[in-house]
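In listed order, ligands and their atoms are each counted from 1. Here the structure is a predicted model, which is why all the values come from computation and not from measurement.
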Amino acid sequence: MDFSLSEEDLLLRDTVRELCDQQVRPHAGAWDEARALPPELLPGLGQQGLLAMERPEDEGGAGLSTVAATSLVEELAAADGALALLVSVHNHLGLAHAAQGLRPGPRAQELPALTDGRHIAAWALSERGSGSDALRLSTSARRDGDGWVLQGEKRYVLGASVAQRIVVLATTAGAGKDGPERSRLEEVVALLVDADAPGLERSEPVRTLGMRAAGTAHLRLDGVRVPAERELGDPGRAWADAMALLDRSRVGMAAVACGIGRGAMEVAAAYAQEREQFGRPIAEFQAIQWKLADMATTLEAAWLLTLQAAWRRDVGLPFGAHASRAKLAAARAATVACSEALQIHGGYGYTREFPVERALRDARLCEIGEGTNEIQRLLISRAIAERFAA
Ligand SMILES: Cc1cc2nc3c(=O)[nH]c(=O)nc-3n(C[C@H](O)[C@H](O)[C@H](O)COP(=O)(O)OP(=O)(O)OC[C@H]3O[C@@H](n4cnc5c(N)ncnc54)[C@H](O)[C@@H]3O)c2cc1C
């Protein structure tokens with residue numbers, strides 16, 4: 001396995017690190033309080049190629065490998081988990097789904113703005129009754145003349161508050177949602193919807209524990225008309241496409257978790273040198289040293305799993321179960337590391353004066369979004385069972 005970055009990738013990572021130091025880290029706490037990112041931030045990231053990391057250069061993207069893109073997401077997350085997750089979801093779900101699913105005409109119309117940061121694409125699968133059991137969709141897509149009509153609700157759509165486009169997964173099954181799994185799979189369609197289409201209503205940003213600047217909203221879809229050419233992918237394939245995109249996106253979520261954890265660890269390590277109790281820096285107490293040692297070890301292990309999943313994708317090997325392992329390990333490592341980082345700060349860590357409480361709140365979502373820890377275990381164990389099936 002070779003996780004090394006090219007000279008060019010390293011230069012880009014340094015640029016992103018600098019951007020984070022100057023334009024992100026100092027403001028991330030205020031964005032979290034405001035529950036919003038400044039409007040000029042995303043177009044700026046678009047100009048740096050961060051909103052089309054894996055799109056080819058001749059289409060305006062940065063043309064990065066999965067390993068290189070994963071490193072940038074980790075870097076962003078060390079400064080601001082909410083921003084990093086929004087960037088990851090746009091790249092790996094919204095934009096990726098549009099780029100692979102649109103036919104040439106609408107693709108030429110849609111992709112430039114989704115690539116250069118003028119448009120953000122959110123991705124809406126979850127519903128009130130369908131979370132982990134994601135196939136149990138109720139949002140319906142009905143064919144009508146030269147297009148589709150959407151009816152239903154979507155819950156917890158990250159980035160929906162700021163998005164101009166939303167990929168909506170819906171079922172053509174009508175009342176048949178309890179039918180056999182095979183037919184339910186084939187009845188799913190994915191549509192690229194204008195966020196300001198008549199009949200589409202976005203809630204106020206949901207009052208979440210963390211990732212508050214990422215603008216998560218619920219959607220109500222009441223007779224939303226979508227032109228037929230905005231259907232993504234081949235008929236009957238939308239579910240398989242969505243699951244494959246989620247595999248890719250989980251590598252991004254794992255990178256977000258690793259970055260949040262590393263960011264919190266670095267803040268805690270610096271604090272431990274400065275804070276004195278009993279006449280010496282708390283970094284001299286073995287209890288604190290061991291916390292930092294454990295954080296470094298579990299985060300590094302998770303990061304290696306993340307790079308491994310990214311690398312497997314780059315070289316064309318199956319990587320879905322590896323992505324699940326990486327996400328499971330990284331999300332858990334990040335939550336524990338952030339909690340320990342808070343502990344190292346004592347009472348100060350429990351306040352908004354230090355970034356570790358935000359890191360802990362942000363990290364917690366990584367154990368839930370894009371499939372909970374329990375669902376990752378289910379996917380991993382399913383892959384093991386397949387391997388050892390007689
Ligand atoms: C801030 C935020 C942003 C989100 N962004 C998006 C987004 O952009 N797009 C989108 O589509 N969705 C999004 N989601 C939704 C997210 O993907 C779901 O919340 C998640 O998949 C879990 O679904 P649920 O909340 O319905 O929980 P449930 O599925 O109801 O699960 C409840 C509990 O039961 C467990 N459980 C369920 N089934 C099993 C099983 N078979 N075995 C063992 N345990 C099980 C779960 O692990 C969990 O602990 C977001 C959620 C949040 C909070």
List the steps and the verdict of side chain to side chain donor-acceptor pair (under 3.5 Å) for T372 and E367.
-> CA-CA 5 Å; T372 61; E367 299 199 60; over 6 Å; no
Distance from [atom] to nearest protein heavy atom, with residue and atom:
| atom | value |
| --- | --- |
| atom 37 (C) of ligand 1 | S132 OG, 3.5 Å |
| atom 39 (C) of ligand 1 | I375 CD1, 4.0 Å |
| atom 19 (O) of ligand 1 | I368 CG2, 3.9 Å |
| atom 42 (N) of ligand 1 | L378 CD1, 3.9 Å |
| atom 53 (C) of ligand 1 | L365 CD1, 3.5 Å |
| atom 9 (N) of ligand 1 | W123 O, 2.8 Å |
| atom 8 (O) of ligand 1 | L158 N, 2.9 Å |
| atom 24 (P) of ligand 1 | G131 CA, 3.9 Å |

Give the atom numbers and elements of ligand 1 that come within less than 4.0 Å of a heavy atom of [X].
| X | value |
| --- | --- |
| E374 | 43 (C), 44 (N), 46 (C), 47 (O), 49 (O) |
| E370 | 17 (O) |
| L125 | 10 (C), 11 (O) |
| V157 | 7 (C), 8 (O) |

Going by distance alone, is a donor N or O of one side chain under 3.5 Å from an acceptor N or O of the other, for D222 and Q151?
->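 Short answer, yes.
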Would you kindly say whether N91 and S88 are connected by a side-chain donor-acceptor distance under 3.5 Å?
->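 Not at all, the side chains of N91 and S88 share no donor-acceptor pair under 3.5 Å.
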Consider only side-chain heavy atoms of I, L, V, M, F, W and Y, link residues closer than 4.5 Å, and tell whether L102 and V189 are in one cluster.
->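 No.
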Taking [atom1] in [X] as the centre, count heavy atoms belonging to other residues, nucleotides or ligands within less than 6.0 Å. Is the count above 12?
| X | atom1 | result |
| --- | --- | --- |
| Y348 | OH | no |
| E40 | CD | yes |
| E153 | CD | yes |
| Y156 | OH | no |
| R207 | CZ | no |

Less than 3.5 Å between some nitrogen or oxygen of [X] and one of ligand 1, yes or no?
| X | result |
| --- | --- |
| D133 | no |
| R155 | no |
| V89 | no |
| S126 | yes |
| T372 | yes |
| Y156 | yes |

Can the positive tip of R230 be found less than 6.0 Å from the middle of the six-membered ring of W148, inside 45° of the ring normal?
->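 The answer is no, since R230 fails at least one limit relative to W148.
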Residues R313, V251; criterion side-chain contact (heavy atoms from CB on, under 4.5 Å); working and verdict = CA-CA 10 Å; R313 180 173 186 263; V251 183; 5.9 Å; no
Contact with ligand 1 for M211, non-hydrogen, under 4.0 angstrom =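 It does not, in that no heavy atom of M211 comes within the 4.0 Å cut-off of ligand 1.
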Check ion pair R361-E357 (N to O, under 4.0 angstrom) =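 Judged by the 4.0 Å cut-off on N to carboxylate O distance, R361 and E357 do form a salt bridge.
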As a test of the contact definition, would [atom] count as having a protein heavy-atom neighbour under 4.0 Å?
| atom | result |
| --- | --- |
| atom 44 (N) of ligand 1 | yes |
| atom 34 (O) of ligand 1 | no |
| atom 16 (C) of ligand 1 | yes |

Can you label the angle between the Y271 ring and the H345 ring as parallel, tilted or perpendicular, going by 30° and 60°?
->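 Parallel.
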